[in-house]
Number of protein chains: 2
Amino acid sequence: MNLSKTTKYAFRILGHMAKDEKVLYSAQQLHKDIDIPERYLRRLLTDLSKSGFIKSIQGRQGGFTFARDTSKITLMEIVDSIDGKDSIDGCILGYDVCVFNYSCPMHNVWEETKQKTIDTLTKTSLKDINNHPHDVF
Amino acid sequence: MNLSKTTKYAFRILGHMAKDEKVLYSAQQLHKDIDIPERYLRRLLTDLSKSGFIKSIQGRQGGFTFARDTSKITLMEIVDSIDGKDSIDGCILGYDVCVFNYSCPMHNVWEETKQKTIDTLTKTSLKDINNHPHDVF
DNA sequence: GTTAAATACTACAAACAAGTAGCATTTATG
DNA sequence: CATAAATGCTACTTGTTTGTAGTATTTAAC
Ligand code: SF4
Ligand code: SF4
């Protein structure tokens with residue numbers, strides 16, 4: 001159960017970009033809009049590009065824009081691409097491989113909550129977020 | 001949204017100890033029962049002792065036993081003592097201080113899931129876990 | 001073609017979390 | 001009292017994540 005700082009950065013970046021889905025954003029512009037260290041932001045943008053969420057256009061007047069429709073990009077995919085699925089779905093006791101056949105007391109207590117989390121992350125797309133009646137990000 | 005490896009270790013340790021609430025456990029014994037590096041385990045036990053979950057008895061034949069009834073120790077308290085409340089309750093976008101008055105699109109999407117997590121951790125005590133009809137840990 | 005403004009690549013540095021080691025202290029046992 | 005078996009304290013080491021720097025590459029504009 002772990003969302004790294006980097007994943008949270010990705011949420012900010014993609015969430016912001018999703019406000020205007022078709023715009024081409026430069027790293028510099030994004031840095032002005034969002035509070036993330038510039039060089040790190042740039043590296044993340046390249047990573048997100050490699051992960052297939054956005055695509056980059058090189059050269060002067062270049063930048064980043066979505067590679068797919070924002071309604072098709074779920075929060076779970078973003079988490080998975082950076083932290084990996086196990087960061088959410090892994091053993092709550094921290095075991096790499098379960099030795100209790102996925103049914104120890106702790107597992108049973110936690111299972112429902114974990115599923116709720118996975119469901120929310122899986123069902124929520126970037127478009128869902130920005131359909132919300134707010135005008136921030 | 002973050003449970004550190006150390007918190008997961010604490011779940012293992014206290015969950016195991018809660019099986020027999022009144023027993024005095026030595027670090028050596030716990031190390032045999034649970035797969036945690038011995039020296040690190042010992043340090044954790046001291047920390048958990050300082051946090052008031054267990055109490056230590058020094059000297060030969062010493063060890064650790066619960067300082068309070070296991071029904072009074074919630075998972076949330078354990079998480080809080082190691083990672084801090086914000087590891088769970090903090091901003092999903094990673095901001096240290098919210099600039100959106102706790103109501104941006106992402107916040108609203110995430111809120112219910114976060115509350116579910118907090119509720120589960122807060123309502124579940126060590127006793128609850130071990131009342132479960134399983135015999136592992 | 002040269003310049004300027006953008007991304008790409010790769011290595012390094014700093015901060016943090018996890019794990020290890022040595023030695024001090026406490027106390028039951030004989 | 002001496003020994004043994006336990007916890008307590010503090011510093012060090014290792015590994016991972018986060019952040020920075022330098023340089024190369026791409027492409028629009030002039
Ligand atoms: S059953 Fe227990 S040990 Fe196995 S994956 Fe679930 S929580 Fe972890
Ligand atoms: S409103 Fe948005 S920025 Fe503020 S704490 Fe909630 S998620 Fe974070």
Side-chain angles (χ1 to χ4, degrees), chain A residues 1-13 17 23-32 34-67 79 81-84 86-87 90 93-96, chain B residues 1-13 17 23-32 34-67 79 81-84 86-87 90 93-96:
Chain A
M1 199 62 161
N2 200 332
L3 293 186
S4 68
K5 195 168 187 178
T6 303
T7 290
K8 291 170 183 174
Y9 281 168
F11 283 171
R12 285 196 217 173
I13 296 166
M17 289 177 70
V23 170
L24 186 74
Y25 297 88
S26 71
Q28 201 172 61
Q29 184 57 48
L30 288 170
H31 177 59
K32 278 179 194 147
I34 315 172
D35 184 29
I36 299 176
E38 186 169 5
R39 296 306 293 273
Y40 198 57
L41 168 61
R42 272 162 56 186
R43 216 174 61 183
L44 281 190
L45 284 166
T46 304
D47 291 346
L48 291 171
S49 174
K50 284 183 181 162
S51 301
F53 302 119
I54 55 181
K55 62 189 170 198
S56 69
I57 292 172
Q58 285 195 32
R60 190 168 176 156
Q61 302 298 326
F64 302 88
T65 192
F66 281 101
V79 171
S81 78
I82 297 171
D83 295 336
D86 274 1
S87 65
L93 296 176
Y95 287 107
D96 285 336
Chain B
M1 199 64 162
N2 200 331
L3 293 187
S4 68
K5 195 168 187 179
T6 303
T7 290
K8 290 170 182 174
Y9 281 167
F11 282 171
R12 286 197 218 172
I13 295 166
M17 289 177 70
V23 170
L24 186 74
Y25 297 89
S26 71
Q28 201 171 62
Q29 184 58 50
L30 287 171
H31 176 59
K32 278 178 193 147
I34 316 173
D35 183 29
I36 299 176
E38 186 168 6
R39 294 306 294 272
Y40 198 57
L41 168 62
R42 272 164 55 187
R43 218 175 60 181
L44 281 190
L45 285 166
T46 304
D47 291 346
L48 291 171
S49 177
K50 285 182 180 164
S51 301
F53 302 120
I54 54 181
K55 63 190 169 198
S56 71
I57 293 173
Q58 285 194 33
R60 191 167 174 158
Q61 302 298 326
F64 301 88
T65 191
F66 282 101
V79 171
S81 78
I82 297 171
D83 295 336
D86 275 1
S87 65
L93 296 176
Y95 287 108
D96 285 335

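Numbered from 1 within each chain, the chains take letters A, B, ... in sequence-line order. Note that the coordinates shown come from a computational prediction; the quantities given were computed from them, not determined experimentally.
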(message) Would you say A:Thr6 and A:Tyr40 are linked by a side-chain donor-acceptor pair, where the criterion is simply a distance under 3.5 Å?
(response)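 Present: a donor and an acceptor within the cut-off.
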
[atom1] of [X] versus [atom2] of [N]: gap in Å, rounded?
{"X": "A:Leu41", "N": "D:dT20", "atom1": "CG", "atom2": "P", "result": "11 Å"}
{"X": "A:Gln29", "N": "C:dA5", "atom1": "CD", "atom2": "C1'", "result": "14 Å"}
{"X": "B:His31", "N": "D:dA6", "atom1": "NE2", "atom2": "P", "result": "13 Å"}
{"X": "B:Leu24", "N": "D:dA5", "atom1": "CG", "atom2": "C1'", "result": "13 Å"}
{"X": "B:Leu44", "N": "D:dC9", "atom1": "CG", "atom2": "P", "result": "15 Å"}
{"X": "A:Asp96", "N": "C:dA18", "atom1": "CG", "atom2": "P", "result": "14 Å"}
{"X": "B:Arg39", "N": "D:dA6", "atom1": "CZ", "atom2": "C1'", "result": "13 Å"}
{"X": "B:Leu48", "N": "D:dG8", "atom1": "CG", "atom2": "C1'", "result": "15 Å"}

Side-chain contact, heavy-atom cut-off 4.5 Å: [X] with [Y]?
{"X": "B:Leu3", "Y": "B:Phe11", "result": "yes"}
{"X": "A:Leu41", "Y": "A:Leu30", "result": "yes"}
{"X": "A:Gln61", "Y": "A:Leu24", "result": "no"}

(request) Name the closest nucleotide to the A:Thr46 side chain, picking from C:dG22, C:dC9, D:dC9. (result)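 Of all the options, the side chain of A:Thr46 is nearest to C:dC9.
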
(request) Ignoring the backbone of B:Ser56, work out which of D:dT7, D:dC9, C:dA8 is nearest its side chain. (result) D:dT7

Would the distance check show the side chain of [X] and the main-chain N or O of [Y] forming a donor-acceptor pair, the cut-off being under 3.5 Å?
{"X": "A:Ser49", "Y": "A:Leu45", "value": "no"}
{"X": "A:Thr65", "Y": "A:Val23", "value": "yes"}
{"X": "B:His31", "Y": "B:Ile36", "value": "yes"}

Scan [X] against the nucleic acid and name what it touches under 4.0 Å (heavy atoms): base, sugar-phosphate only, or nothing.
{"X": "B:Lys55", "result": "nothing"}
{"X": "A:Lys8", "result": "nothing"}
{"X": "A:Glu38", "result": "nothing"}

(request) Verify the contact: side-chain N or O of B:Gln28 to OP1 or OP2 of D:dA6, cut-off strictly under 4.0 Å; return yes or no. (result)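 For D:dA6, OP1 or OP2 has a side-chain N or O of B:Gln28 closer than 4.0 Å.
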
(request) Please give the angle, rounded to 10 degrees, between the axes at the start and the end of the helix from C:dG1-D:dC30 to C:dG30-D:dC1, where five pairs define each axis. (result) 10°

(request) Hey, could you give me the OH/CG distance between B:Tyr95 and A:Asp35, rounded to the nearest 0.5 Å? (result) 6.5 Å

(request) State the CZ-OG distance between B:Arg42 and B:Ser26, to the nearest 0.5 angstrom. (result) 10.5 Å

Give me the distances for all protein-to-nucleotides 16-19 of chain D N/O pairs that come in under 3.5 Å?
from   : atom 1 : to      : atom 2 : distance (Å)
D:dT18 : OP1    : A:Lys5  : N      : 3.0
D:dT18 : OP2    : A:Thr6  : OG1    : 2.7
D:dG19 : OP1    : A:Lys5  : NZ     : 3.4
D:dG19 : OP1    : A:Tyr9  : OH     : 3.1
D:dG19 : OP2    : A:Tyr9  : OH     : 3.2
D:dG19 : N7     : A:Arg43 : NH2    : 3.4
D:dG19 : O6     : A:Arg43 : NH1    : 2.9

(request) Looking only at non-hydrogen atoms, find the nearest pair between B:Lys8 and A:Met1 and report the distance. (result)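 Heavy-atom minimum between the residues: NZ-N, 3.9 Å.
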
(request) Could you pull out the closest heavy-atom pair between B:Lys55 and B:Phe66, with the gap in Å? (result) CE-O, 3.8 Å

Mind listing the N/O atom pairs, protein and nucleotides 26-28 of chain C, below 3.5 Å?
from   : atom 1 : to      : atom 2 : distance (Å)
C:dT26 : O4'    : B:Gln58 : OE1    : 3.1
C:dT26 : O2     : B:Gly59 : N      : 3.4
C:dT27 : O2     : B:Arg60 : N      : 3.4

(message) Going by side-chain contact (heavy atoms from CB on, under 4.5 Å), B:Leu48 matches just one of B:Phe53, B:Tyr9, B:Phe64. Which one?
(response)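 Single side-chain contact (heavy atoms from CB on, under 4.5 Å) partner of B:Leu48 among B:Phe53, B:Tyr9, B:Phe64: B:Phe53.
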
